[in-house]
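I have placed the structure first, in the form of structure tokens, so that the comments after it can refer back to it.
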Amino acid sequence: METLLKEVGLALCDIRRRKPLIHEITNYVTATDCANITLALGAKPIMATRPIEAKEVITRAKGAVLNLGTLDDERLKIMEKVAAIGTDHGVPMVLDPVGAGSMESRANAAGKLLEAGHMAVIRGNGDEITSLATGKLIQGAGVDNSGKVQLTGEEVSEFSRKLGTVVAVTGAVDIISDGKRTVSCHNGSPLLPFVTGTGCMTTALIAAFASVTDAFTAAVGGILSLGLASEMVVNRDPRTGPGTLRQRLCDCVFELHKDIYILDGRVVKDYE
Ligand SMILES: Nc1ncnc2c1ncn2[C@@H]1O[C@H](COP(=O)(O)OP(=O)(O)OP(=O)(O)O)[C@@H](O)[C@H]1O
Ligand SMILES: Cc1ncsc1CCO
């Protein structure tokens with residue numbers, strides 16, 4: 001585990017040295033938060049959605065986010081195009097299947113993107129990942145984690161092999177698998193679900209890490225970065241509520257340093 005956490009720390013240094021461009025096609029609810037947290041980590045976000053810009057941006061990017069949060073038909077077409085071109089150019093892409101846990105139309109859209117290109121990582125909550133891997137929708141779930149699905153490391157590993165990508169399931173405990181290695185991350189704060197877009201922000205951080213390291217290390221790095229930053233915010237001020245947490249998350253991501261993962265990261269090998 002020490003090696004993995006050291007790799008994450010080195011990847012953070014690489015991001016800060018190289019300042020990789022990250023093409024983020026995300027939703028209008030959380031776009032600003034995603035852009036700011038990407039900058040706070042050390043990468044450079046660009047939110048480009050005009051059809052004519054798709055090729056120009058994805059071919060220059062070192063990583064990409066495809067987030068289904070506020071999807072429309074035109075945006076889905078652009079994402080399909082970006083998924084295909086990004087795959088041809090070897091750009092690591094992270095799919096965030098927002099809402100695919102409860103909406104058939106979103107699950108279908110996610111399926112189209114998985115056909116259009118190769119995703120380095122799929123990051124979602126338990127509802128979303130279960131729906132993509134099994135086709136089962138979770139009744140009544142919205143875009144937020146319903147908490148009804150508690151996946152095991154074995155299941156996430158199986159989903160990773162089935163979907164052919166690294167799968168990162170977030171929640172109170174996060175589980176990450178590349179089908180061979182599976183770990184669980186135990187950092188974070190119970191306040192995080194009260195701030196919309198913390199999943200979207202995690203996905204943006206994973207894409208930044210994926211631009212400098214392998215997909216599995218990237219998923220661990222993005223998740224730990226958000227979790228550790230949230231702990232820093234809450235530990236410094238016991239009166240922290242959702243508004244303060246949102247405001248201060250970027251400050252604490254900005255403060256992260258290479259050794260923090262090994263010092264404070266709570267990561268456990270889950271299943272092989
Ligand atoms: N109860 C909790 N305790 C600690 N950390 C949590 C908890 N719930 C979620 N998290 C963390 O919050 C972040 C977002 O995870 P979550 O599963 O809530 O995403 P999401 O449902 O996709 O969010 P959104 O759609 O609002 O972007 C992750 O980094 C996760 O580790
Ligand atoms: C609330 C909400 N609705 C669509 S996207 C989004 C942000 C969290 O994913």
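Starting from 1, each residue takes its place in the sequence as its number. As the structure is a prediction and not an experimental result, all values here were calculated from the model. What's counted below: heavy atoms across the whole structure, side chains too, no hydrogens, waters or symmetry copies. As the structure lists them, so they are numbered: ligands from 1, and atoms in each ligand from 1.
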Thr134 side chain to Thr130 main-chain N or O, any donor-acceptor pair under 3.5 Å? yes
Looking only at non-hydrogen atoms, which of Cys200, Gly197, Gly69 approaches atom 4 (C) of ligand 2 most closely? Gly69
Sub-3.5 Å donor-acceptor pair from the side chain of Arg16 to the main-chain atoms of Ala43, do we have one? no
Note: ligand 2 atoms sitting under 4.0 Å from heavy atoms of Asn27 are 5 (S)
Inter-residue atom distance Asn108.CG - Lys112.NZ, 0.5 Å rounding: 8.0 Å
Could you check atom 6 (C) of ligand 2 against the protein and tell me its nearest heavy-atom contact, residue, atom and distance included? Val29 CG2, 3.8 Å
Inter-residue atom distance Asp72.CG - Ile78.CD1, 0.5 Å rounding: 8.0 Å
Ligand 2 to Thr196, heavy atom cutoff 4.0 Å, flagged ligand atoms 1 (C), 7 (C), 8 (C)
So does Asp178 pair up with Lys180, basic N to acidic O under 4.0 Å? no
For Ile206, is there any backbone N or O sitting under 3.5 Å from a side-chain donor or acceptor partner on Arg123? no
When you look for protein heavy atoms under 4.0 Å from ligand 1, which residues do they belong to? Arg123, Asn125, Val143, Asp144, Asn145, Thr170, Gly171, Ala172, Asp174, Gly188, Ser189, Pro190, Leu192, Pro193, Thr196, Gly197, Thr198, Gly199, Cys200, Thr202, Leu226
Donor-acceptor pair, Thr213 side chain versus Ala210 backbone, under 3.5 Å? no
Would you mind listing which atoms of ligand 2 come within a distance below 4.0 Å of any non-hydrogen atom of Val98? 9 (O)
Considering only heavy atoms of Thr30, which atoms of ligand 2 have at least one such atom less than 4.0 Å away? 7 (C)
Applying the side chain to side chain donor-acceptor pair (under 3.5 Å) test to Glu24, which of Thr38, Thr49, Thr203 qualifies? Thr38
of all protein heavy atoms, closest to atom 2 (C) of ligand 2 is Val143 CG2, 3.7 Å
Please determine whether side-chain hydrogen bond (donor to acceptor under 3.5 Å, both in side chains) holds for the pair Ser177 and Arg181, giving the CA-CA distance in whole Å, both sets of side-chain angles, and the decisive distance to 0.1 Å. CA-CA 6 Å; Ser177 181; Arg181 293 170 290 175; over 6 Å; no
